S.K.: 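My questions will all concern the structure given below.
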Amino acid sequence: TLAASVEAHRSMSRRITDGRSFRECLKTVLGDLGDVPDGDSEVEEPPSHRVQVLFDDGWRDFESDEGRQVCNELASGSHLFQLTLRGHEYRFDFTDFEHATQTNIKTGKRRRLRLLDAPVGEDGNNVEHMQGRLPTLSQEEVEEQVRFGPQSKRGNASQHPIGKYLSDNEHARSCFDMFAKNEQRYCGEWAVFYHSYSFAALIYEVHAAVASVLFRFRSQYAALPRILVHEFHDIPDATTLIQRFNSEFAENKRDHNPAFRKVGISAMSSLVSTGPEACTARVFVSGYSCKDIQFNNVLERVLEALHVPKEKVPSLATKIIKLSEKHGLDVSQFGGKPCKSQKAGHLLQIFIKRHLVDEIVYAAEPYGPLDVERMPVSKWANSNTSFSRGQVRIVAHPKLFMQANCVRMHVASADPTFHNSRKKFQEELCALITELGTRDSRESAATCIWGGTLPSWWCSEDQRQVA
């Protein structure tokens, strides 16, 4: 557990020491902010992260200039360094981001430090919540998308696959009706994609519960495909994923490569997609999954990121599996019981703001190669053509997937028992996770998961109440 934690925080250190400016970091995660100054501008850049020190009455921000000095030292690769601040000499120790400290050299007084993920702008808004102010569609463009209508019905796409594969499944038809209504509601500003899965469901549900407790994610609506932010430092966006695929993954397991799987998910673009390879309606009942994954290992890795003592991980995993069985979730790949209906499929409906689509989505052929004819994928997604054929790959970056102004999701399960019980399941799973520890342990877990820093709005209390 300690080794995994230290690696996560040192990954954050590497992210800073890459020398990437604040502007470049923003582009990586949020897309291009048109008003961010160019690198050769005389406008002074704010520090790349907020630095805070723990006093008896709580955490306080460093002054901007002081925070910049600390960030500059980290960017240069220094983890042990001295600075003169306000006339006092301080020694800084960032060899372990989880236990970073500053020490007054004269008095020997030592205080804890932490980094927050983004600075606060002059208007008081967090950079992490600035996505809503990114350049987006004009009102005329939104109105055009509304006229085009729901994505699954554009281009006079045949709705026959739903009837063909789900005509005798009332529950499945009701799920697809729900998805269709969501498409109608969001078609103006959001593109939609569909991710089918089965055995990974428990992992996604644990991700969602953890994100709910620590990061305000609304887990009652959907599961969360990925949560470990530090795993996205090397592949933060679709452009980078395409480059890595062409240079490395194409000749080495393609989209089954472990490095691809850590960040990328496969999806179709319509409820009535017929291919290639996957038909959304047909795979709904059984779900799509690969069996060459050690699901127990993935679950344990997530629990270790929560700073669960290693000797307690098996016990907690067993409790989670038993809770899953109680609510009808298939956990046969985790040593538990299959669902009674034998319908282990799930379908995640993923809405992405149209101006963010090119940042985290690319048009793909089966197994992940780029489908050049449908690029840029935003142009295709904004068209009035049929989406009955065509796969995509999505970089499921947690920082975007956990923010409802960037990505919104809904989930349906083919098993009626679990589908109807899922909200209660999430409540009990969140309660189980909340019992894990103290405020300090929650902060350590959040820091580890977030990649070495914390969101600037974060606090150690249960975040579900402010979601």
Side-chain angles (χ1 to χ4, degrees), residues 1-8 197-215 217 219-220 222-231 258 261-262 265 287 289-340 344-346 348 396 398 411 413 415 417-418 421-438 440-450 462-464:
T1 301
L2 178 60
S5 173
V6 170
E7 174 56 29
Y197 60 98
S198 59
F199 300 135
L202 178 56
I203 302 296
Y204 289 14
E205 294 292 341
V206 171
H207 288 171
V210 172
S212 175
V213 172
L214 296 180
F215 302 115
F217 179 71
S219 65
Q220 68 268 34
L224 184 64
R226 305 289 186 269
I227 195 172
L228 299 178
V229 173
H230 69 270
E231 293 187 340
R261 283 176 169 170
K262 282 185 178 180
I265 59 175
S289 187
C290 299
K291 293 186 178 181
D292 59 342
I293 298 174
Q294 297 296 320
F295 288 98
N296 274 320
N297 292 344
V298 179
L299 176 60
E300 290 181 2
R301 190 168 80 247
V302 174
L303 297 181
E304 288 178 359
L306 289 174
H307 286 228
V308 178
K310 191 169 186 178
E311 66 274 11
K312 294 184 179 181
V313 167
S315 174
L316 178 59
T318 298
K319 290 180 181 179
I320 291 174
I321 292 169
K322 292 296 184 183
L323 180 65
S324 302
E325 292 174 339
K326 170 186 171 183
H327 290 277
L329 178 62
D330 189 308
V331 284
S332 56
Q333 296 299 305
F334 298 84
K337 299 176 182 178
C339 58
K340 291 182 179 180
H346 308 264
L348 190 63
V411 68
S413 302
D415 180 85
T417 300
F418 180 72
S421 184
R422 184 183 175 276
K423 184 176 180 180
K424 183 65 175 176
F425 168 73
Q426 268 295 317
E427 291 174 359
E428 295 182 15
L429 183 56
C430 287
L432 191 60
I433 290 170
T434 304
E435 294 174 359
L436 288 177
T438 63
D440 285 346
S441 65
R442 285 197 292 272
E443 180 170 333
S444 295
T447 304
C448 181
I449 289 169
W450 204 255
D462 187 339
Q463 295 294 293
R464 287 173 292 169

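What you are looking at is a predicted structure, and each value in this text was computed from that prediction instead of being measured.
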S.K.: Between the side chain of Gln426 and the main-chain N/O of Glu205, is any donor-acceptor distance below 3.5 Å?
M.R.: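 Side chain of Gln426 to backbone of Glu205, a donor-acceptor pair under 3.5 Å: yes, one is there.
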
S.K.: Can you tell me if Ser324 uses its side chain to pair, donor with acceptor, with the backbone of Ile320 under 3.5 Å?
M.R.: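 Such a contact is found between Ser324 side chain and Ile320 backbone.
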
S.K.: Quick one: does His346's side chain have a donor or acceptor within less than 3.5 Å of a partner on Tyr197's backbone?
M.R.: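 Judged by distance alone, no pair lies under 3.5 Å.
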
S.K.: Which heavy atom in Leu299 sits nearest to a heavy atom in Ala317, and how many Å separate them?
M.R.: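 It is CD2-CB, 4.0 Å.
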
S.K.: Measuring from atom CD of Gln333 to atom CG of Leu202, what distance do you get when rounded to the nearest 0.5 angstrom?
M.R.: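 Rounded to the nearest 0.5 Å, the CD-CG separation comes to 11.5 Å.
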
S.K.: Nearest 0.5 Å, what's the CZ-CD distance between Arg261 and Glu231?
M.R.: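 Here the rounded value is 13.5 Å.
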
S.K.: What verdict does the side chain to side chain contact (heavy atoms under 4.5 Å, CB included) test give for Val298 and Phe334, after you've listed the backbone C-alpha separation in whole Å, the side-chain angles of each residue and the deciding distance to 0.1 Å?
M.R.: CA-CA 10 Å; Val298 179; Phe334 298 84; over 6 Å; no

S.K.: Should Leu224 and Val210 be marked as a side chain to side chain contact (heavy atoms under 4.5 Å, CB included) after you check the CA-CA gap, both sets of side-chain angles, and the distance that decides it?
M.R.: CA-CA 10 Å; Leu224 184 64; Val210 172; over 6 Å; no

S.K.: As an exercise, state the distance from CD1 of Ile433 to CG of Leu214, rounded to the nearest 0.5 Å.
M.R.: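 Rounded to the nearest 0.5 Å, the CD1-CG separation comes out at 8.0 Å.
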
S.K.: Out of curiosity, Ile227 CD1 to Trp450 CH2, how far, rounded to the nearest 0.5 Å?
M.R.: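 Taking CD1 in Ile227 and CH2 in Trp450, the distance rounds to 9.0 Å.
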
S.K.: So which heavy atom on Tyr204 is nearest to which on Ala223, and how close?
M.R.: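 Taking Tyr204 first and Ala223 second, the nearest heavy atoms are CB-CB, 3.6 Å.
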
S.K.: So which atom in Leu329 and which in Ala201 form the shortest heavy-atom distance, rounded to 0.1 Å?
M.R.: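 Answer, listing the atom of Leu329 first, then Ala201: CD1-CB, 3.8 Å.
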
S.K.: For Lys326, what residues pass the salt bridge (Lys or Arg N to Asp or Glu O under 4.0 Å) criterion, not counting sequence neighbours?
M.R.: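 Per chain and number, Lys326 pairs via salt bridge (Lys or Arg N to Asp or Glu O under 4.0 Å) with Glu428.
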
S.K.: At what distance, to the nearest 0.5 angstrom, does CG of Asn296 lie from CD1 of Ile203?
M.R.: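 Nearest 0.5 Å value for the CG-CD1 distance: 8.0 Å.
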
S.K.: Treating Arg422 as the side-chain partner and Ala222 as the backbone partner, does any N or O pair qualify as donor plus acceptor under 3.5 Å?
M.R.: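 Yes, the answer is positive, given that a donor and an acceptor are paired below the 3.5 Å cut-off.
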
S.K.: Using every non-hydrogen atom in the two residues, find where Ser219 and Ala208 come nearest and quote the distance to one decimal.
M.R.: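 Ser219 and Ala208 have their closest heavy atoms at CB-O, 3.5 Å.
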
S.K.: Kindly write out the residues that satisfy side chain to side chain contact (heavy atoms under 4.5 Å, CB included) with Lys337, not counting sequence neighbours, or none if the list is empty.
M.R.: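 In terms of side chain to side chain contact (heavy atoms under 4.5 Å, CB included), with neighbours along the sequence ignored, Lys337 is linked to Glu325.
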
S.K.: Once ring-ring contact (aromatic ring centres under 6.0 Å, His included) is applied, do any residues pair with Phe425, and if so which ones, sequence neighbours excluded?
M.R.: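 In terms of ring-ring contact (aromatic ring centres under 6.0 Å, His included), with neighbours along the sequence ignored, Phe425 is linked to His327, Phe418.
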
S.K.: Which distance, rounded to the nearest 0.5 Å, do you find between the CD1 of Ile449 and the NE2 of His207?
M.R.: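 Reported to 0.5 Å precision, the distance equals 8.5 Å.
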
S.K.: Between Ser413 and Asp415, do the side chains contain an N or O donor and an N or O acceptor separated by less than 3.5 Å?
M.R.: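 No pair is found: no donor N or O on one side chain lies under 3.5 Å from an acceptor on the other.
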
S.K.: What's the shortest heavy-atom distance between Ser198 and Gly287, and which atoms?
M.R.: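 Of all heavy-atom pairs spanning Ser198 and Gly287, the closest is CB-CA, 4.0 Å.
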
S.K.: Does the side chain of Lys322 reach to within under 4.5 Å of the side chain of Lys319, using non-hydrogen atoms?
M.R.: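 Sidechains of Lys319 and Lys322: no contact.
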
